[in-house]
*Asks:* 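Pasting a structure below so you can have a look.
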Protein chains: 2
Amino acid sequence: MQDLDVKDTVADEVDMRDLVDSLGFLTRLAQVHTYELFFEDLGDDGPRPGEFSTLILLERNPGIRQGVLAQKLRIKPAHMTKLVRAFEDRGFVERIIPDHDRRSVELALTALGRKYVAEHRPAFLEHETRKPPTLTASEIRTLKHLLRKYVGMAAEDRS
Amino acid sequence: MQDLDVKDTVADEVDMRDLVDSLGFLTRLAQVHTYELFFEDLGDDGPRPGEFSTLILLERNPGIRQGVLAQKLRIKPAHMTKLVRAFEDRGFVERIIPDHDRRSVELALTALGRKYVAEHRPAFLEHETRKPPTLTASEIRTLKHLLRKYVGMAAEDRS
DNA sequence: TCAGAAAAGTATCCTAGTAAACTATTTCGC
DNA sequence: GCGAAATAGTTTACTAGGATACTTTTCTGA
């Protein structure tokens with residue numbers, strides 16, 4: 001997939017001042033990069049990053065409300081509806097309208113959904129533990145720690 | 001009246017194991033977060049993050065080829081075509097087909113484009129220097145440094 | 001007690017970005 | 001030289017995700 005040769009000379013001469021100091025630009029690059037690593041390791045077959053995180057959260061939190069799920073994953077409710085509907089169509093999740101508040105929707109994996117997660121989780125966990133080649137293990141720990149702190153996650157200091 | 005903060009409790013109790021250790025998830029959160037900070041500071045009027053980086057790169061590198069621009073910004077060529085066309089329609093950039101290679105397209109800001117950048121750059125630079133509240137200055141430096149290293153940017157160690 | 005206000009989710013429309021196939025040039029191998 | 005392959009960009013058709021406006025249900029205050 002890499003086609004980066006030939007005009008390296010020209011490309012290397014590009015003046016990227018401002019940008020290399022922009023946290024916005026760097027986080028974008030980082031996300032593109034993690035997506036590439038993801039698909040490199042896991043191929044185009046299994047669930048995508050967003051689907052994976054949704055399923056994993058669903059497995060660990062059966063009965064979670066759809067809105068809470070969206071909020072935790074920083075996905076807009078409108079989009080979460082689509083995601084969940086798609087999972088429902090594939091038979092992976094069950095939508096339950098509880099009696100005590102019939103506006104809300106509680107979600108849980110079906111047996112098929114749990115099977116699907118069980119099938120794909122090992123590859124995902126392995127992918128997650130695979131160290132990106134440009135960073136040391138300790139740098140990764142620091143990076144994750146700083147990212148959590150940056151986005152306002154209760155700093156679970158495991159570093 | 002009995003349990004008036006039910007959903008707060010529920011939301012806080014969500015088990016996010018796996019996810020809080022996933023670099024993919026964390027980089028996504030980080031990008032969403034930087035976008036929010038961006039629009040918080042700069043409003044919906046001026047250029048968006050992607051447009052800004054394109055314009056800034058164009059200003060610093062007049063005559064840059066469209067493909068090089070795309071490659072540097074990690075934007076797909078197909079999408080870069082649209083971006084550039086939109087800038088052209090607004091009179092901000094000029095497309096030049098050089099004689100020595102008439103397949104390629106060289107780009108440069110017009111006078112109007114430079115004016116537009118000059119108008120919006122101060123707010124952008126100020127935004128960039130505004131420290132995100134959850135990190136210290138030194139943590140930001142480390143974070144940027146690690147992100148650069150993660151995405152494979154020639155480590156320009158200014159930290 | 002009942003008229004609004006708020007909450008939860010959904011439907012509709014729209015933009016950003018991608019993939020794959022296509023056009024136009026240039027270069028390479030013989 | 002000339003046909004094949006590579007390069008640069010574009011077009012078309014699609015997907016992910018977001019904004020906004022709406023239904024339904026629940027809660028609140030006079």
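The structure presented is a predicted model; accordingly, all values stated were derived computationally and were not measured. Each chain gets a letter, A, B and so on, in the order the sequences are listed, and its residues count up from 1.
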*Asks:* Using whole Å, report how far CZ of Phe52(A) lies from C1' of dA16(D).
*Replies:*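 Going from CZ in Phe52(A) over to C1' in dA16(D) covers 18 Å.
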*Asks:* dA8(D) P sits how many Å from Ile96(B) CD1, rounded?
*Replies:*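 Taking atom P of dA8(D) as the reference, CD1 of Ile96(B) is at 18 Å.
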*Asks:* Taking atom CD of Glu36(B) as the centre, does the number of heavy atoms from other residues, nucleotides or ligands within less than 6.0 Å exceed 12?
*Replies:*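 Yes, the 6.0 Å shell around CD holds more than 12 heavy atoms from other groups.
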*Asks:* Between the base of dT7(D) and the side chain of Arg103(B), is there a donor and acceptor pair under 3.5 angstrom?
*Replies:*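 Pair found.
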*Asks:* With distance as the sole test, does Lys149(B) use its side chain to make a donor-acceptor pair with the main-chain N or O of Met153(B) at under 3.5 Å?
*Replies:*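 Not a single qualifying donor-acceptor pair exists.
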*Asks:* Using whole Å, what does the distance between atom C1' of nucleotide dT10(C) and atom CG of Leu107(A) come to?
*Replies:*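 Spelled out: CG on Leu107(A) to C1' on dT10(C) is 14 Å.
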*Asks:* Select from Glu51(A) and Gln66(B) the residue whose nearest nucleotide in DNA chain D is closer to the 5' end of that strand.
*Replies:*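 The 5'-side residue here is Gln66(B).
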*Asks:* Does anything in residues 74-90 of chain B come within less than 4.0 Å of DNA chain D? Heavy atoms only, and list the residues if so.
*Replies:*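 Pro77(B), Ala78(B), Thr81(B), Lys82(B), Arg85(B) - these, ordered by number, are the residues of the stretch whose heavy atoms sit under 4.0 Å from the strand.
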*Asks:* My understanding is that only residues two or more places apart in sequence, or in another chain, count here; which of them pass side-chain hydrogen bond (donor to acceptor under 3.5 Å, both in side chains) with Asn61(B)?
*Replies:*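 side-chain hydrogen bond (donor to acceptor under 3.5 Å, both in side chains) list for Asn61(B), sorted by chain: empty.
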*Asks:* Please check this pair: side chain of Arg28(A) against backbone of Arg74(B), looking for a donor-acceptor N/O pair closer than 3.5 Å.
*Replies:*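 Between the backbone of Arg74(B) and the side chain of Arg28(A) there is a qualifying donor-acceptor contact (under 3.5 Å).
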*Asks:* How many whole angstroms separate atom CG of Asp99(A) from atom P of dT24(D)?
*Replies:*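 Taking CG of Asp99(A) and P of dT24(D), I get 18 Å after rounding.
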*Asks:* Apply side chain to side chain contact (heavy atoms under 4.5 Å, CB included) to the pair Asp21(B) and Arg148(A), showing each step before the final yes or no.
*Replies:* CA-CA 9 Å; Asp21(B) 280 319; Arg148(A) 275 192 294 265; 3.6 Å; yes
*Asks:* Can you tell me if Arg95(B) touches the phosphate of dT10(D), counting only side-chain N or O atoms and a distance under 4.0 Å to OP1 or OP2?
*Replies:*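 Yes, because at least one side-chain N or O of Arg95(B) sits under 4.0 Å from OP1 or OP2 of dT10(D).
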*Asks:* May I ask you to test the Arg65(A)-Val105(A) pair for a side-chain heavy-atom distance under 4.5 Å?
*Replies:*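 They are not in contact (no side-chain heavy atoms under 4.5 Å apart), so the answer is no.
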*Asks:* Tell me the interatomic distance from Glu106(A), atom CD, to dA8(C), atom P, rounded to whole angstroms.
*Replies:*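 My rounded result for the distance is 12 Å.
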*Asks:* Could you tell me how far apart Lys72(A) (NZ) and dA8(C) (C1') are, to the nearest whole angstrom?
*Replies:*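 That distance rounds to 18 Å.
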*Asks:* Mind calculating the distance between CG (Leu69(A)) and P (dT10(C)) to the nearest angstrom?
*Replies:*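 After rounding, the reported distance stands at 12 Å.
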*Asks:* May I have the list of side-chain donor-acceptor pairs in residues 89-98 of chain B shorter than 3.5 Å, sequence neighbours left out?
*Replies:*
| from | atom 1 | to | atom 2 | distance (Å) |
| --- | --- | --- | --- | --- |
| Arg90(B) | NH2 | Tyr116(B) | OH | 3.4 |
| Arg95(B) | NH1 | Gln66(B) | OE1 | 3.4 |

*Asks:* Looking at dT26(C), dA16(D), dT10(D), which one has an atom nearest to any side-chain atom of Arg48(A)?
*Replies:*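 Among the listed nucleotides, the one closest to the side chain of Arg48(A) is dA16(D).
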*Asks:* If I take atom CZ in residue Arg28(B) and atom P in nucleotide dG17(C), what distance separates them, rounded to the nearest angstrom?
*Replies:*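 In whole Å, dG17(C) P lies 14 Å from Arg28(B) CZ.
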